[in-house]
Structures are given as structure tokens and as C-alpha cells.
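Here the structure is a predicted model, which means the values were calculated and not measured. Each chain gets a letter, A, B and so on, in the order the sequences are listed, and its residues count up from 1.
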Number of protein chains: 2
Amino acid sequence: MSKQQTEKEFLKAYNPNKYERPSVTADILVFTTIKDELYLLMIQRKSHPYKDCWAIPGGFVSMDETAKEAAIRELYEETSVKDVCLEQLYTFSKVDRDPRMRVISIAYIVMVPFEKLQFKSGDDAKNARLFLVKAQANNEFELVLKKKDKINAKCTTDFQKELDEKEEDFVLREKDLAFDHYEIIKMAIKRMRGKIKYSNIAFSFLNDLDDFTLTELRYIYDAINSQKADIGNFRRFIKREYEQKGFIVQNNSKRIERGRPATTYNWARERSLIFDE
Amino acid sequence: MSKQQTEKEFLKAYNPNKYERPSVTADILVFTTIKDELYLLMIQRKSHPYKDCWAIPGGFVSMDETAKEAAIRELYEETSVKDVCLEQLYTFSKVDRDPRMRVISIAYIVMVPFEKLQFKSGDDAKNARLFLVKAQANNEFELVLKKKDKINAKCTTDFQKELDEKEEDFVLREKDLAFDHYEIIKMAIKRMRGKIKYSNIAFSFLNDLDDFTLTELRYIYDAINSQKADIGNFRRFIKREYEQKGFIVQNNSKRIERGRPATTYNWARERSLIFDE
DNA sequence: GCAATAGTGTCTATAAGACACTATCCG
DNA sequence: CGGATAGTGTCTTATAGACACTATTGC
């Protein structure tokens with residue numbers, strides 16, 4: 001090979017199969033909130049390895065798509081959700097994390113309003129469920145499926161029937177999760193808690209950016225932090241950081257449910273600002 | 001295939017070569033500080049693609065190492081530096097980022113004291129240089145090689161001779177960098193500026209954790225933020241966040257150079273706390 | 001009126017920024 | 001003494017947390 005080779009010549013002669021290569025997958029952590037609780041979408045594996053264990057959804061990154069595009073595709077396949085923003089969490093590359101072969105996983109966080117989630121729990125190819133994320137000390141957590149909760153009520157799979165007949169809630173702990181998924185989820189929760197302080201990620205959980213109340217928004221903060229914020233201090237914080245700076249504006253209408261009607265707000269800037277890094 | 005297959009049988013029958021796979025590389029951003037300026041290690045490519053362009057070092061992740069281990073190995077090969085902490089920055093996966101083939105890069109940031117860097121600039125396989133990171137508005141930047149600076153003085157390559165004969169400094173801008181490396185560096189600078197506020201990453205630039213002055217530490221903050229901190233406010237900040245909490249402790253000896261001798265400090269906790277996430 | 005929810009006001013402690021001042025070395 | 005660098009003090013404003021209070025609805 002001459003040193004005076006042009007780039008074109010070089011590329012023609014280049015053999016891209018010289019080295020063995022790992023598989024690359026995109027994993028997605030689909031979080032949602034209901035009231036002031038945080039939920040995570042998990043699927044039950046129907047095949048080896050970790051058959052019957054619960055895992056976060058994911059799939060191989062194909063040659064003609066970015067990792068993010070793969071995550072978006074997977075997300076759509078699992079939940080019919082489109083047009084959401086994803087945040088890259090971390091890339092996991094332990095050599096033995098998958099017993100089949102070398103797999104490197106790029107994990108993404110996606111935050112979806114519960115109302116937009118059409119998770120395909122009826123799909124008999126696999127069980128998909130929203131697990132309550134029950135925070136414990138030190139960023140540890142449990143994933144809980146409440147007996148006869150309304151959230152996964154539509155599910156009519158064998159698994160659901162079994163669960164309904166049991167005496168207690170169904171609880172997943174570290175050892176019950178497939179692969180290194182406990183570690184991934186733990187990191188995701190930590191990341192969300194970190195980012196909620198200085199970014200607007202909480203707004204990505206709102207069902208309607210044109211019509212939300214400060215209480216709805218506070219519940220989202222409470223869900224992620226798993227603690228109840230002081231009402232007065234929270235309002236002051238949102239008004240200073242978002243209303244005074246023109247990101248959110250009051251609507252004319254009020255939300256009437258029980259108690260005093262609530263002022264509703266709308267996000268006044270480009271929607272793409274939500275969840276921008 | 002029977003549904004009653006055991007995991008062992010499954011793994012035996014599994015064919016891991018079903019899908020085409022991308023190559024995976026680990027790229028490292030080696031930052032260092034001199035006085036209150038930030039420098040980045042770049043290498044000049046000796047082969048296609050982007051022959052003669054400047055790039056951040058990197059290499060393929062092999063099948064028996066994690067991405068982080070690959071980064072550590074690369075780092076050692078380039079700079080003889082060992083025992084440093086790396087921070088995973090981001091994984092870049094655009095389909096066409098490398099014209100040879102599909103390459104996904106996991107980028108790592110490493111912060112090294114200048115004194116510990118033995119960068120192999122004499123190695124005639126490639127030029128390696130420390131570029132001054134010259135910040136501009138909006139997280140943009142230029143990489144500058146000053147004519148006849150002392151930092152890269154040991155270099156005797158053809159490139160250096162050429163540079164010495166020129167009239168002006170050698171400046172790299174976005175278009176002068178290989179692949180998507182401008183974007184990567186930009187993100188790295190942003191990340192460091194974000195993390196320096198609430199983490200102890202600045203300490204990882206200190207040459208001697210058992211003997212440093214607050215002025216040395218302030219210079220590191222200035223280098224990353226590319227602005228000069230107020231001396232009094234900075235001291236108050238460090239004393240509150242680090243001395244009062246017992247992370248750093250005053251030494252008995254003083255550092256005597258010019259002017260009033262400076263109190264030296266040492267990091268009093270486990271060293272592994274430096275740069276922990 | 002009462003339960004329920006929305007929303008305000010106030011007090012305190014802490015933190016961030018601007019900036020003037022003092023201290024201690026060398027030569 | 002003066003130049004150089006280290007280190008202190010003070011004033012102002014912004015922010016965070018605790019917590020008591022008022023407002024507006026339906027029934």
C-alpha cells in the first residue's frame with residue numbers, strides 16, 4: 001500500500017471485517033407518573049436467557065439507524081408512543097452481561113404522560129406491565145405490582161389471572177430482574193432526580209402542555225423525588241423559574257374538580273425546549 | 001425448538017451471528033490544566049480517513065474488555081498514565097460518522113495533572129499535542145497550538161519544525177477536526193462545566209493531593225469555566241464545601257514562592273472519592 | 001357550615017456576588 | 001520600602017425551607 005493513496009482508494013481497499021464485533025442494543029426505560037407516584041414499564045421475557053424474568057424493553061441497533069432511532073422504534077413497538085424526547089442515560093458494556101454473547105447496551109430514558117401510553121399488555125407475545133417504583137434508602141428501590149390495581153386492569157393474560165388470585169402484591173427486587181437491569185434502573189432514577197432540579201424534564205410527564213395546574217406539576221416532582229414538596233415553596237420556585245421567565249403563562253380558564261378551582265397554565269415557548277439538554 | 005428448552009440448551013443452540021454488527025470504539029478526551037488554562041490532547045491522523053486531520057485518541061473495544069477498560073488501555077498507550085478515573089461522556093452513533101464502516105463510539109473524559117502526563121510526542125507513528133482550549137461564546141471553542149510554546153517543546157517531529165517556522169499560532173476550528181470530534185469535545189467541555197459546580201472533579205487535576213494550595217485549585221476552576229473566579233468568594237466556597245465538611249485539611253508546612261507563603265492542604269478522605277459519580 | 005383543594009405571606013438561614021481591605025513573604 | 005501573592009471582612013441580594021394563614025369551590 002502506497003503512502004500516497006487517496007482517501008477514495010483507501011476506503012475501497014479497507015476491510016471492515018478484520019475485528020470481531022460486539023452486538024449493540026438500545027434499551028429504554030419508559031417512566032410515567034400517576035398522581036404523585038412513579039411507574040416503570042417492564043416486560044416479562046418469554047425466552048432464554050432469563051426466561052420469565054422481568055426486564056426493561058430493548059432491541060438490537062441495526063446498521064441503518066442511530067441508537068436513538070432504535071430506541072424510538074422499540075418504544076413505538078411496545079407502547080405506540082411517538083414524538084417523545086429521549087435522554088441517553090449510559091452505555092453498559094460489562095463483558096458477561098448477556099450470557100448469549102457480547103452485548104453492549106445504550107440505555108435511554110423516556111418520560112411519557114400516562115394518558116398517552118397505550119401499552120400493549122394484551123399482546124400475547126409478552127407481558128408488559130407498569131410497575132410502581134417504590135423508593136428506598138440509598139437510591140435502592142422495589143418494583144411493585146399491586147393486586148387488582150386499576151393501572152394494569154386491562155390485562156387478561158395468564159400472568160394477570162395468577163396475580164389476581166394471590167394474597168399479596170407482586171414485588172420485584174434486585175435478584176428478580178434480568179441482566180444488569182437493576183443497576184440500569186437505579187442509575188436512571190438517580191439521573192432523573194439530579195436533572196429535575198436544574199432542567200424542565202418534569203414537564204415532559206404532563207398530559208397537556210396547554211392546560212396543566214401547578215398541583216399536577218408538583219405531583220410529578222413528588223413522584224420523581226419520592227417525597228412531598230412544600231406547597232408554598234414549590235409554587236414560589238415554579239413561578240420564579242418558569243412563569244417570571246416567560247416559559248409558562250396562565251390560561252384564562254380554571255380547572256374545576258373538588259375544592260377551589262385551579263388556575264391552569266400553558267407552556268409558552270417552543271415545545272422542543274422541553275427536555276432539551 | 002421446544003418451549004420447554006432449558007437455558008443451557010438454549011445457549012448451546014443460539015447463533016450469535018444472525019445480525020450484522022457495528023464496530024465499537026472507545027474515545028478518550030484527555031484534559032489537563034496549566035495555570036488557569038485548559039488543554040486537550042489531540043493526535044494527528046497518519047492514515048485515511050481524515051488523513052492529517054487532528055482527532056481525539058481512541059480505539060476498538062475488544063471482545064474481552066469493557067469500554068472503560070479499552071479507554072484505560074488507550075490512555076496508557078498514548079500517555080503512559082495509569083490509575084485515573086474516567087467519566088463516561090456519551091455514546092455517539094450516527095450512521096455515517098465514519099466513512100469506513102458503521103462505528104459507534106463511547107467517549108470518556110479523563111482529567112490528568114499536567115505533571116503526570118508523559119505524552120509520547122516523540123513517537124513517530126503519530127503526532128500527539130496538547131492544544132489550548134480557547135473558549136468562545138455558546139460553548140464553541142478553538143484549539144490553539146502556540147508557536148514555540150513550552151508545553152510541546154520536546155517535540156522534534158516534522159510537524160513541529162514546520163510550526164516553528166510559521167508566523168502565527170496554529171488554530172483548529174470545527175472543520176479542521178476529524179469525524180464528529182468537534183461535537184464530542186464541545187459536549188465534554190459543557191459536561192465538565194456542569195459537573196464542577198456540584199462535584200469534586202477539579203481535584204483530579206491537582207498534581208499532589210497531599211500538598212496543594214487554594215490558588216492552584218482556583219486556577220483549575222478558572223481553566224474549566226474559562227473565567228476568573230473572585231478570590232474571596234472562591235475561598236469561602238471551598239472552605240464551606242470541602243474544609244468544613246472534612247474533605248480537605250490544612251498542612252503544617254507552607255508553600256513559599258514569591259509573595260506571601262501559601263497554606264497547603266491535603267485531601268483527607270479516601271482518594272477514590274475524587275471523581276466519584 | 002364543612003370538607004377539600006388552591007393559593008398567599010412571613011420568618012429564618014444559607015448561599016452567591018461585588019469589592020475593599022489586611023498580611024506576609026522577598027529583595 | 002515596593003512588588004507580589006495570600007488571605008479576611010462586609011455589604012447586598014437571591015434562594016431554600018418551615019409553617020401559618022387565607023380563598024374559593026361543592027354539597
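Within residues 254-265 of chain B, the residues approached by DNA chain D to less than 4.0 Å at the level of any non-hydrogen atom are B:Arg258, B:Gly259, B:Arg260, B:Pro261, B:Ala262, B:Thr263, in residue-number order. The stretch residues 227-237 of chain A touches DNA chain D through A:Asp230, A:Asn233, A:Arg236, each having a heavy atom within less than 4.0 Å of the strand.
Here salt bridge (charged side-chain N to carboxylate O under 4.0 Å, His left out) pairs that include residues 203-217 of chain A, with residues two or more places apart or in two chains, are A:Asp210-A:Arg271, A:Asp211-A:Arg255, A:Glu216-A:Arg255.
Residues satisfying the side chain to side chain donor-acceptor pair (under 3.5 Å) test with B:Arg191, not counting sequence neighbours, are B:Glu87. Partners of A:Lys254 by side chain to side chain contact (heavy atoms under 4.5 Å, CB included), not counting sequence neighbours, listed by chain and number: A:Pro261, A:Thr263. Shown here are the side chain to side chain contact (heavy atoms under 4.5 Å, CB included) partners of A:Ile184, two or more places apart in sequence or in another chain: A:Asp27, A:Leu29, A:Ile56, A:Leu89, A:Phe92, A:Arg97, A:Ala107, A:Asp180, A:His181. For A:Arg236, the side chain to side chain donor-acceptor pair (under 3.5 Å) partners are A:Asn233, not counting sequence neighbours. The side chain to side chain donor-acceptor pair (under 3.5 Å) search around B:Gln136 returns B:Glu142, not counting sequence neighbours. Applying the side chain to side chain contact (heavy atoms under 4.5 Å, CB included) rule to A:Tyr198 yields the partners A:Lys195; only residues at least two apart in sequence or on another chain are considered. Judged as a side chain to side chain donor-acceptor pair (under 3.5 Å), and not counting sequence neighbours, the contacts of B:Thr91 are A:Thr91. With sequence neighbours left out, A:Glu243 forms a side chain to side chain contact (heavy atoms under 4.5 Å, CB included) with A:Lys239, A:Ile248, A:Gln250, A:Tyr265.
Taking atom CG of B:Asp36 as the reference point, atom P of D:dT5 lies 12 Å away to the nearest angstrom. Here the P atom of nucleotide D:dT15 and the NZ atom of A:Lys197 are 17 Å apart, to the nearest Å.
If you walk DNA chain C from 5' to 3' and mark each nucleotide with an atom closer than 4.0 Å to a heavy atom of chain B, the marks span C:dA15 to C:dC25.
Remark: of the listed residues B:Phe203, B:Phe205, B:Phe234, B:Phe234 is the sole one forming a ring-ring contact (aromatic ring centres under 6.0 Å, His included) with B:Tyr221.
Nucleic acid contact class of A:Thr215 (heavy atoms, under 4.0 Å, all strands): sugar-phosphate only.
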